[in-house]
Amino acid sequence: MNMIYNVEDKPKFGQVIVFAFQQLLAIIAATIAVPIITNGNAGLEGEDAMSIAAALFGAGVGTLVYVLFTRAKSPVFLGSSFAFLGSMAAAFAGAASVSLGYVGIILGAVMAGLVYVVIAILVKFVGVEWLNKLMPPVVIGPTVAIIGLSLAGNAVGDLQKSNIEGGATLIAILCGLITLVTVTICSTYGKKMAKLIPFIIGILVGYVVASIFTAIGYAADVDALKIVNYSTITSLFEGGVTFSTFVSVPQFTFLKAFGGFSSIDGAYIGTVAAAYIPVAFVVFAEHVADHKNISSIIGRDLLEKPGLHRTLLGDGVGSMVGAFFGGCPNTTYGESVACVAITRNASVVTIITTACMAIVVSFVSPFIAFLNSIPSCVMGGVCMALYGFIAVSGLKMLQKVDLNLNRNLFVASTILIAGIGGLSLTFGKVTITSIATALILGIIVNTILAKEKAE
């Protein structure tokens with residue numbers, strides 16, 4: 001595909017702002033969804049809740065780190081990773097306090113990032129053939145699929161929730177399904193921007209529908225119709241209009257973690273390690289796939305230049321830095337890759353501007369308040385599509401795998417059943433999540449059957 005702007009090109013200032021805003025719209029829905037979902041999974045509310053403003057800030061900073069490590073040769077944006085949702089929930093579940101939970105998600109991101117660093121060093125000196133043997137598509141595909149499938153319950157649960165006590169489940173479901181249908185229609189039949197940002201359009205449509213029901217509910221004094229809680233917005237004006245009404249500093253994760261460092265013990269470190277490290281290997285496969293995809297779009301092999309070892313270092317270290325501020329490990333975003341393909345703008349200057357824009361927006365109070373007011377049911381509708389995409393992307397990896405061979409059939413089936421069935425292993429206070437267990441079992445079965453000959 002011929003690029004209008006190549007990697008090294010610098011569009012005019014006005015164009016850069018427009019292109020960057022497109023990128024921000026493409027990644028913002030998924031980036032803010034991760035802390036929102038984690039708050040629900042871990043039961044975090046009020047001041048204890050993860051900050052979506054901090055997650056945006058972390059994504060922006062993490063992307064800048066990635067650009068630095070890749071020497072501004074790779075036009076990719078990093079955003080909050082859905083693959084680590086279970087890991088983040090496990091970090092809070094295994095913690096004696098909320099502050100220790102925040103220590104855990106920072107520590108887990110560092111562990112996952114170090115996996116990338118180690119793999120990057122190995123790739124630099126010995127190539128990638130050993131990784132292909134350890135985790136072929138028959139192992140990675142089903143593992144990625146169960147990441148999405150294991151989160152299906154969360155999406156359906158959110159789909160049935162309003163943000164106001166007393167809101168009817170059926171009304172919430174209706175708002176969520178309208179959101180889902182809007183996303184699917186825009187993604188399938190949309191043109192240009194509509195096709196690029198179906199999640200944003202879906203959220204806005206769902207929010208408007210929920211607001212209409214809420215307005216009718218207040219007018220008719222019917223609690224069942226009240227879906228949207230506007231308190232996050234109205235609270236900005238409770239003390240009058242001040243500077244903080246419009247600008248505020250995000251609640252960074254490292255600040256929330258300060259009180260928990262003294263409570264760290266070996267068992268908790270083991271729990272966090274078991275929750276994060278195996279998932280890092282799964283996300284590594286997504287990293288390679290995304291970079292192969294963007295390479296085909298821009299006509300340059302990014303695995304050769306700047307090199308897979310540099311993209312891995314950028315992703316790993318960027319994820320550590322992003323989680324330090326926002327709590328969420330980052331990953332390369334397919335939405336960002338799609339934006340490059342549609343706009344035919346591969347300029348890294350655009351990516352840098354998008355990262356800076358995400359950082360600035362995280363300080364804008366009204367914008368963040370609006371994001372916090374989005375009903376759970378609306379996010380549930382979006383997540384049904386998002387989690388489905390994760391599951392299907394894993395299944396697509398199996399398309400070229402010959403499942404007529406017993407070896408492949410047993411490896412894939414072992415991973416799928418262990419993951420979907422929720423097989424987790426607990427050793428004292430250390431718990432290996434179902435996804436991690438499934439991946440480990442898949443690697444073991446694949447290794448045992450490695451000598452099977454084709455029939």
Legend entry - Worked check of side chain to side chain contact (heavy atoms under 4.5 Å, CB included) between Met50 and Gln251: CA-CA 8 Å; Met50 291 189 69; Gln251 297 177 321; over 6 Å; no
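- Under the rule for a ring-ring contact (aromatic ring centres under 6.0 Å, His included), His309 has no partner lying at least two apart in sequence or in another chain.
- In plain terms, the two heavy atoms of Pro278 and Ala273 that are nearest each other are CD-O, 3.6 Å.
- Side chain of Thr214 to backbone of Val228: a donor-acceptor contact under 3.5 angstrom is found.
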Legend entry - side-chain hydrogen bond (donor to acceptor under 3.5 Å, both in side chains) assessment of Ser211 paired with Tyr230: CA-CA 10 Å; Ser211 295; Tyr230 297 104; 2.9 Å; yes
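- For the pair Ile351 and Val67, the minimum side-chain heavy-atom distance is below 4.5 Å.
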Legend entry - Criterion side chain to side chain contact (heavy atoms under 4.5 Å, CB included) on Tyr5 and Lys10, from CA distance to verdict: CA-CA 8 Å; Tyr5 294 102; Lys10 299 177 181 179; over 6 Å; no
Legend entry - Val103 and Ile264: CA distance, side-chain angles, deciding distance, side chain to side chain contact (heavy atoms under 4.5 Å, CB included) verdict: CA-CA 8 Å; Val103 172; Ile264 298 176; 3.4 Å; yes
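- Proximity of a side-chain donor or acceptor of Thr182 to a complementary backbone N or O of Gly202 within less than 3.5 Å is not detected.
- Shortest non-hydrogen contact noted between Val138 and Val411 is O-CG1, 3.7 Å.
- Side chains of Ile374 and Met379 form a contact here, defined as non-hydrogen atoms less than 4.5 Å apart.
- In summary, the side chains of Ser373 and Tyr207 do present a donor paired with an acceptor at a separation below 3.5 Å, with no hydrogens or angles considered.
- In this structure, OH in Tyr116 is found 7.0 Å from CG in Leu312, a value given to the nearest 0.5 Å.
- Residues Val401 and Leu398 are in side-chain contact: their nearest non-hydrogen atoms beyond the backbone lie under 4.5 Å apart.
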Legend entry - CA sep, side-chain torsions, deciding dist, call: Ser248, Ser365, side-chain hydrogen bond (donor to acceptor under 3.5 Å, both in side chains): CA-CA 6 Å; Ser248 63; Ser365 303; 3.0 Å; yes
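- Between Phe363 and Phe252, the two ring planes are perpendicular [angle over 60°; tilted spans 30° to 60°].
- Put simply, the side chain of Tyr102 never gets that close to the backbone of Phe258: no donor and acceptor are under 3.5 Å apart.
- By the 4.5 Å heavy-atom criterion applied to side chains, Leu416 and Ile146 are counted as neighbours.
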Inset, instruction - Tell me, with the steps shown, if Val16 and Lys12 meet side chain to side chain contact (heavy atoms under 4.5 Å, CB included). - result: CA-CA 6 Å; Val16 169; Lys12 295 179 180 178; over 6 Å; no
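- In this model, no donor atom of one side chain and acceptor atom of the other lie less than 3.5 Å apart for Thr331 and His287.
- In terms of heavy-atom proximity, Cys377 sits nearest to Ala172 at CB-O, 3.2 Å.
- Rounded to the nearest 0.5 Å, atoms OG (Ser434) and CD1 (Ile415) are 12.5 Å apart.
- Judged by distance alone, the side chain of Ser376 and the main-chain N or O of Lys161 form no donor-acceptor pair under 3.5 Å.
- Note on ring orientation: taking the six-membered ring where Trp is involved, the planes of Phe254 and Phe325 are perpendicular (angle over 60°, cut-offs 30° and 60°).
- With contacts defined as side-chain heavy-atom distances shorter than 4.5 Å, the pair Thr31/Leu56 qualifies.
- A donor-acceptor pair under 3.5 Å is absent between the side-chain atoms of Thr188 and the main chain of Ile185, judged by distance alone.
- When all heavy atoms are compared, the tightest approach of Ile227 to Ala210 is CG2-CB, 3.8 Å.
- Salt bridge present: Arg300 and Glu8 bring a charged side-chain N and a carboxylate O closer than 4.0 Å.
- For the pair Asn446 and Ile443, the minimum side-chain heavy-atom distance is 4.5 Å or more.
- In this structure a side-chain-to-backbone donor-acceptor pair under 3.5 Å is missing from Ser319 to Pro329.
- Here the side chains of Val272 and Ile105 are not in contact, with every heavy-atom distance at 4.5 Å or above.
- Ring geometry for Phe367 against Phe370 counts as tilted: the plane angle lies between 30° and 60°, on a 0 to 90° scale.
- Defined by atom type and a distance below 3.5 Å, a donor-acceptor pair is missing between the side-chain atoms of Ser263 and Tyr268.
- In this structure, the side chain of Thr350 does not engage the main chain of Ala20 through any donor-acceptor pair within 3.5 Å.
- Distance check, rounded to the nearest 0.5 Å: CG of Leu100 to NZ of Lys256 gives 15.0 Å.
- Panel note: side chain Ser347, backbone Asp9; a donor-acceptor pair is recorded below 3.5 Å.
- A heavy-atom distance below 4.5 Å is not found between the side chains of Leu180 and Val382.
- The minimum heavy-atom distance linking Asn408 with Asp402 is given by the pair ND2-O, 2.9 Å.
- The two residues Gly259 and Ser99 have their closest heavy-atom pair at C-OG, 3.5 Å.
- In this structure, the side chain of Thr354 does not engage the main chain of Leu24 through any donor-acceptor pair within 3.5 Å.
- With Thr353 contributing its side chain and Ile17 its backbone, the two residues share no donor-acceptor pair below 3.5 Å.
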